[in-house]
Amino acid sequence: MKRSLILIRHAQSRNVEPGQKDLERELTDSGIQDASRLARYMYLEEIIPDIVLTSHATRAIDTAQLFADQLKLDQSEIKIDEDLYEASVRTLLGFISKLDNSLKSVLIIGHNPSITHLCEHLSTDVIGFLPPAGMVHLTFQDLLWSQLDKGTGQLKEIKLPDQISL
């Protein structure tokens, strides 16, 4: 069975206001537009995940909700996990390894540098800097989620919002 892992960095967020926690940062108008554009692209390309996993940061949850709306997923398909915030590659791999093997396609919305480092680890491709609302789509052939590790993935595509004209 072919599995698909879509990794997205949350969309552009506002700067931290005095007295505000980093977790509370909201999306900018530009971030909302970028996330919507990328989600619409995914819908038109039929890149539809079985589930959306996100960190508990406001900007990540808001990004996840925009994707769920555009992909016509029920809000119950969004799973929020505190461990995805400031997660290391090892933590992310541990999280992925526990996914239900009935899931064929998973979308994870997280933060840099973790998302970029995970992409590079799984594919061994150099991605560099993944900007806000940037997407990396990886595929895995005949592997269980628990078997994903260094170099087991194929980089299918990298897509940035400014590359999309809809």
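We count residues from 1, following the sequence as given. No hydrogens, no waters, no symmetry mates; every other heavy atom, side chains included, goes into these values.
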Visitor: State, yes or no, whether a side-chain contact exists between Pro49 and Leu73 at a heavy-atom distance under 4.5 Å.
Guide: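 Counting from C-beta outward, Pro49 and Leu73 do come under 4.5 Å.
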Visitor: Looking just at side-chain N and O atoms, do Thr58 and Glu24 make a donor-acceptor pair shorter than 3.5 Å?
Guide: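 Side-chain D/A pair, Thr58 to Glu24: absent.
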Visitor: Other residues, nucleotides and ligands only: do more than 12 of their heavy atoms fall within 6.0 Å of CD on Gln154?
Guide: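 No, because the 6.0 Å sphere around CD of Gln154 holds 12 heavy atoms or fewer from other groups.
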Visitor: Is there side-chain contact between Leu7 and His137, with heavy atoms separated by less than 4.5 Å?
Guide: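 Side-chain contact under 4.5 Å: no.
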Visitor: Report whether Leu84 and Leu103 are members of the same hydrophobic cluster (ILVMFWY, side-chain heavy atoms less than 4.5 Å apart, transitive linking).
Guide: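 Per the 4.5 Å side-chain linkage, Leu84 and Leu103 are co-clustered.
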Visitor: To check you understand the geometry: which heavy-atom pair defines the closest contact between Ser55 and Ala60, and what is its length?
Guide: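 Heavy atoms of Ser55 and Ala60 come nearest at OG-CB, 3.5 Å.
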Visitor: Side chains of His10 and Asp62: donor-acceptor distance under 3.5 Å anywhere?
Guide: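 No donor-acceptor contact under 3.5 Å links the two side chains.
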Visitor: Using the side chain to side chain contact (heavy atoms under 4.5 Å, CB included) rule, take Thr54 and Asp81 through it: C-alpha gap first, then chi angles, then the decisive distance, then the call.
Guide: CA-CA 6 Å; Thr54 182; Asp81 194 298; over 6 Å; no
Visitor: Is any side-chain heavy atom of Ile47 closer than 4.5 Å to a side-chain heavy atom of Glu157?
Guide: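 With C-beta onward as the side chain, the pair touches.
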Visitor: Strictly distance-based, threshold 3.5 Å: is any side-chain N or O of Thr63 a donor or acceptor partner for the main-chain N or O of Ala11?
Guide: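 Yes, Thr63 side chain to Ala11 backbone: donor-acceptor pair under 3.5 Å.
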Visitor: Is the cationic atom of Lys2 (NZ for Lys, CZ for Arg) positioned less than 6.0 Å from the six-membered ring centroid of Phe140 and within 45 degrees of its normal?
Guide: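 Output no; distance or angle outside limits.
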Visitor: What I want to check is whether the side chains of Gln75 and Asp69 have a donor and an acceptor closer together than 3.5 Å.
Guide: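 Asp69 and Gln75 do have a side-chain donor-acceptor pair below 3.5 Å.
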Visitor: Do Leu66 and Leu160 sit in one hydrophobic cluster, given that two such residues count as connected whenever their side-chain heavy atoms are within less than 4.5 Å of each other, even indirectly?
Guide: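 Not linked; separate clusters.
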Visitor: Between Arg9 and Asp34, is the closest basic N to carboxylate O distance under 4.0 Å?
Guide: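 Result for this pair is no, no salt bridge flagged.
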Visitor: Donor-acceptor pair, distance only, cut-off 3.5 Å: does the side chain of Glu26 make one with the backbone of Arg59?
Guide: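 Flag not set: sc Glu26 to bb Arg59 has no pair under 3.5 Å.
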Visitor: As an exercise, state the distance from CD1 of Ile48 to CZ of Phe67, rounded to the nearest 0.5 Å.
Guide: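 Nearest 0.5 Å value for the CD1-CZ distance: 11.0 Å.
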Visitor: Do the side chain of Asp125 and the main chain of Ile127 share a donor and acceptor less than 3.5 angstrom apart?
Guide: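 Not confirmed, Asp125 side chain does not pair with Ile127 backbone.
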Visitor: Does one hydrophobic cluster hold both Leu38 and Leu71, with members joined at side-chain heavy-atom distances below 4.5 Å?
Guide: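 As far as the 4.5 Å side-chain criterion goes, Leu71 and Leu38 are connected within one cluster.
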Visitor: Hey, mind stepping through Ile61 and Ile80 against side chain to side chain contact (heavy atoms under 4.5 Å, CB included) and telling me if it holds?
Guide: CA-CA 7 Å; Ile61 292 170; Ile80 301 168; 3.9 Å; yes
Visitor: Output, in order, the C-alpha distance, side-chain angles, deciding distance and verdict of side chain to side chain contact (heavy atoms under 4.5 Å, CB included) for Trp145 and Lys98.
Guide: CA-CA 7 Å; Trp145 290 113; Lys98 294 175 186 162; over 6 Å; no
Visitor: With the side chain counted from C-beta on, respond yes when Val136 and Lys156 share a heavy-atom pair under 4.5 Å apart, and no when they do not.
Guide: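 Val136 does not reach Lys156 side chain to side chain.
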Visitor: Can you find a heavy atom in the side chain of Leu53 that is under 4.5 Å from one in the side chain of Leu107?
Guide: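 With C-beta onward as the side chain, the pair stays apart.
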Visitor: Please answer whether the main-chain N or O of Leu144 pairs with a side-chain N or O of Asn101 as donor and acceptor at a distance below 3.5 Å.
Guide: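 Side chain of Asn101 to backbone of Leu144: no pair is present.
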Visitor: When rounded to the nearest 0.5 angstrom, what is the spacing between CG in Asp50 and OG in Ser105?
Guide: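 Answer for the CG-OG pair, Asp50 versus Ser105, is 5.5 Å.
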Visitor: Just how far is it from atom CD of Gln65 to atom CD1 of Ile109, taken to the nearest 0.5 Å?
Guide: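 Gln65 CD to Ile109 CD1: 9.5 Å, rounded to 0.5 Å.
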Visitor: Do Arg14 side-chain atoms and Arg25 backbone N/O form a donor-acceptor pair below 3.5 Å?
Guide: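 Side chain of Arg14 to backbone of Arg25, a donor-acceptor pair under 3.5 Å: no, none is there.
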Visitor: In the structure I gave you, are the side-chain heavy atoms of Glu120 and Thr124 within less than 4.5 Å of one another anywhere?
Guide: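 No, too far: nothing below the 4.5 Å cut-off.
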Visitor: Is there a path of hydrophobic side-chain contacts, each under 4.5 Å between heavy atoms of I, L, V, M, F, W or Y residues, that connects Phe95 with Ile51?
Guide: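 Yes, it is one cluster - the side chains of Phe95 and Ile51 are joined through contacts under 4.5 Å.
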Visitor: Under 6.0 Å from the CG atom of Asn15, do we count more than 12 heavy atoms belonging to anything else shown?
Guide: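 For Asn15, atom CG is not crowded (no more than 12 foreign heavy atoms under 6.0 Å).
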Visitor: So, taking the atom named CD1 in Ile8 and the one named CE in Met135, what distance separates them when rounded to the nearest 0.5 Å?
Guide: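 Answer for the CD1-CE pair, Ile8 versus Met135, is 6.5 Å.
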Visitor: Can you say whether the rings of His111 and Tyr85 are parallel (under 30°), tilted (30 to 60°) or perpendicular (over 60°)?
Guide: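 Perpendicular: the ring planes of His111 and Tyr85 meet at over 60°.
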Visitor: So how far is it from Arg3 CZ to Lys104 NZ, rounded to the nearest 0.5 Å?
Guide: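 Arg3 atom CZ to Lys104 atom NZ measures 9.0 Å (nearest 0.5 Å).
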Visitor: For Leu23 and His56, run side chain to side chain contact (heavy atoms under 4.5 Å, CB included): C-alpha distance rounded to whole Å, both residues' side-chain angles, the deciding distance at 0.1 Å, then the answer.
Guide: CA-CA 7 Å; Leu23 283 169; His56 68 304; 3.6 Å; yes
Visitor: Is there a side-chain contact between Leu148 and Ser97, using heavy atoms and a 4.5 Å cut-off?
Guide: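 Result no, sub-4.5 Å side-chain heavy-atom pair not found.
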Visitor: Hydrophobic clustering (ILVMFWY, side-chain heavy atoms < 4.5 Å, transitive) - are Tyr41 and Ile108 grouped together?
Guide: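 No, Ile108 and Tyr41 fall in different hydrophobic clusters.
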Visitor: Decide yes or no for Lys72 and Tyr43: does some side-chain heavy atom of the first lie under 4.5 Å from some side-chain heavy atom of the second?
Guide: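 Answer yes - side chains close enough.
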Visitor: Between Gln33 (side chain) and Ser30 (backbone), is there a donor-acceptor pair under 3.5 Å?
Guide: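 Absent.
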Visitor: What distance do Leu118 atom CG and Leu138 atom CG have between them, rounded to the nearest 0.5 Å?
Guide: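 Rounded to the nearest 0.5 Å, the CG-CG separation comes out at 7.5 Å.
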Visitor: Tell me whether Arg37 contacts the main-chain N or O of Gln163 through its side chain, where contact means a donor paired with an acceptor under 3.5 Å.
Guide: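 No, the answer is negative, given that no donor and acceptor are paired below the 3.5 Å cut-off.
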Visitor: Test your reading of the model: is there a side-chain donor-acceptor pair from Asn112 to the backbone of Leu130, 3.5 Å cut-off?
Guide: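 It does hold such a pair.
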